[in-house]
Visitor: 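Sharing a structure, written as structure tokens. Questions coming.
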There are 2 protein chains.
Amino acid sequence: MDQTDLKILNILQDNARISISELGRMINMTGPAVTERIRKLEEKEVIRSYRAVLSPEKLGKAITAFVIIQVNRCDLFTDFCRRSPDVAEIHQISGQFNFLIKVVTESMQSLERFRRECSEFGFTQTMTVLSTPFDPKGVPLDD
Amino acid sequence: MDQTDLKILNILQDNARISISELGRMINMTGPAVTERIRKLEEKEVIRSYRAVLSPEKLGKAITAFVIIQVNRCDLFTDFCRRSPDVAEIHQISGQFNFLIKVVTESMQSLERFRRECSEFGFTQTMTVLSTPFDPKGVPLDD
DNA sequence: CCTGAAAATAGAACCGC
DNA sequence: GCGGTTCTATTTTCAGG
């Protein structure tokens, strides 16, 4: 894991669809050398995946919210979240509440429906997202 | 925005580095047709970006936490977050706390340092991530 | 890590529906 | 508008050094 790898990661983090040859040009390296480095970074799972980032609002999901919840049956709740199309992320956390989940859903109605389902598992608190000042950053890498 | 677009989005959401021709094969469409649809989806910003998803832990960022905070000077705080390398995400939220931020940082020490900096802006509460049962899902699209 | 040739792909122009 | 075809330039892959 050297400077070159960090450069590659920084570029792919910003533009996952760049061609290998253009990436190579940017860092003065030939295609095969870049390909091999990327292969190793994928193998070590430094790179986990390549994803297109979509706009939920333009796909009928107007509401984003974070729900924290205090549950007993952790496995059951995790399974419920895995199956729920409204759950985008789930994290087990320290503190009074033991899960924080990110919900992306159609409307306030569907959010409320979801929250009610959740309350079967424990006490919840909902924080609706009003705005997101800037797009999620990737992992900051200094090369 | 039809079934075909949804199929394309689903595929790119899962594998942003797939070749246009393979994508075309998967949905029985020629390359140029796929390219044109993707171009329009990018233009409409249904597709916002293509990103490589990296493992923070494998890049020296062992700790993830969510911090909620009650601030008065919103702009100042947002600028602070924009500049901080520890802030991965920021959301303005409803409720007692008005911001929720996702922090990805080296260690508990650096998290505590960050939290102290934050407390200049207002009352904070930190929820450290213990585990993430499953990787963030994309936007669920039924085609 | 580079080179070089073969295979695959992407992009542009154009056609028909 | 929509997608298909063809042709060319570029890219990717794989062998070998």
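Quick note: numbers below take in every heavy atom, side chains included, and nothing from hydrogens, waters or symmetry partners. Because the structure is predicted, anything quoted here is derived from the model rather than measured. First the proteins, then the strands, lettered A, B, ... as listed; each starts at 1.
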Visitor: Under 4.0 Å between any heavy atoms, over every strand shown, what does A:R37 touch: base, sugar-phosphate, or nothing? Just pick one.
Guide: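 It contacts sugar-phosphate atoms only.
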Visitor: Which two nucleotides bound the region of DNA chain D that has atoms under 4.0 Å from heavy atoms of chain B, read 5' to 3'?
Guide: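 That gives a stretch of D:dC2 to D:dT5.
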Visitor: Mind listing the closest non-hydrogen atom pair of A:V34 and A:G24 along with its distance?
Guide: CG2-CA, 3.8 Å
Visitor: Taking the six-membered ring for Trp, are A:F97 and A:F123 parallel (under 30°), tilted (30 to 60°) or perpendicular (over 60°)?
Guide: parallel
Visitor: Compute the centroid of each ring, for A:Y50 and then for B:Y50, and state whether the two points are separated by less than 6.0 Å.
Guide: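 No, they do not, as the ring centres are separated by 6.0 Å or more.
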Visitor: For the side chain to side chain contact (heavy atoms under 4.5 Å, CB included) test, which of A:V104, A:L54, A:V103 pairs with A:K61?
Guide: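 Of A:V104, A:L54, A:V103, side chain to side chain contact (heavy atoms under 4.5 Å, CB included) with A:K61 is met by A:V104 alone.
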Visitor: In terms of the angle between their ring planes, are A:F80 and A:F114 parallel, tilted or perpendicular, with boundaries placed at 30° and 60°?
Guide: parallel
Visitor: Pick out which of A:M108, A:R113, A:Q109 makes a side chain to side chain contact (heavy atoms under 4.5 Å, CB included) with A:L111.
Guide: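 So, applying the side chain to side chain contact (heavy atoms under 4.5 Å, CB included) to A:L111 and each of A:M108, A:R113, A:Q109, only A:M108 qualifies.
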Visitor: Between A:R48 and A:E45 (salt bridge meaning N to carboxylate O under 4.0 Å), is one present in this structure?
Guide: no
Visitor: Please confirm whether the backbone N or O of B:L12 pairs with a side-chain atom of A:R51, one donor and one acceptor, at under 3.5 Å?
Guide: no
Visitor: Output the distance between atom CD (A:E112) and atom CD (A:E117), rounded to the nearest 0.5 Å.
Guide: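 The CD atom of A:E117 is 10.5 Å from CD of A:E112, to the nearest 0.5 Å.
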Visitor: Can we call the ring centroids of A:F66 and B:H91 under 6.0 Å apart?
Guide: yes
Visitor: To 10°, what angle do the rotation axes through the five end pairs on each side of the helix from C:dC1-D:dG17 to C:dC17-D:dG1 form?
Guide: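 Result, rounded to 10 degrees: 30°.
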Visitor: Across nucleotides 9-14 of chain C, 5' to 3', mark each nucleotide with B, S or - according to how protein heavy atoms within less than 4.0 Å reach it.
Guide: SSSB--
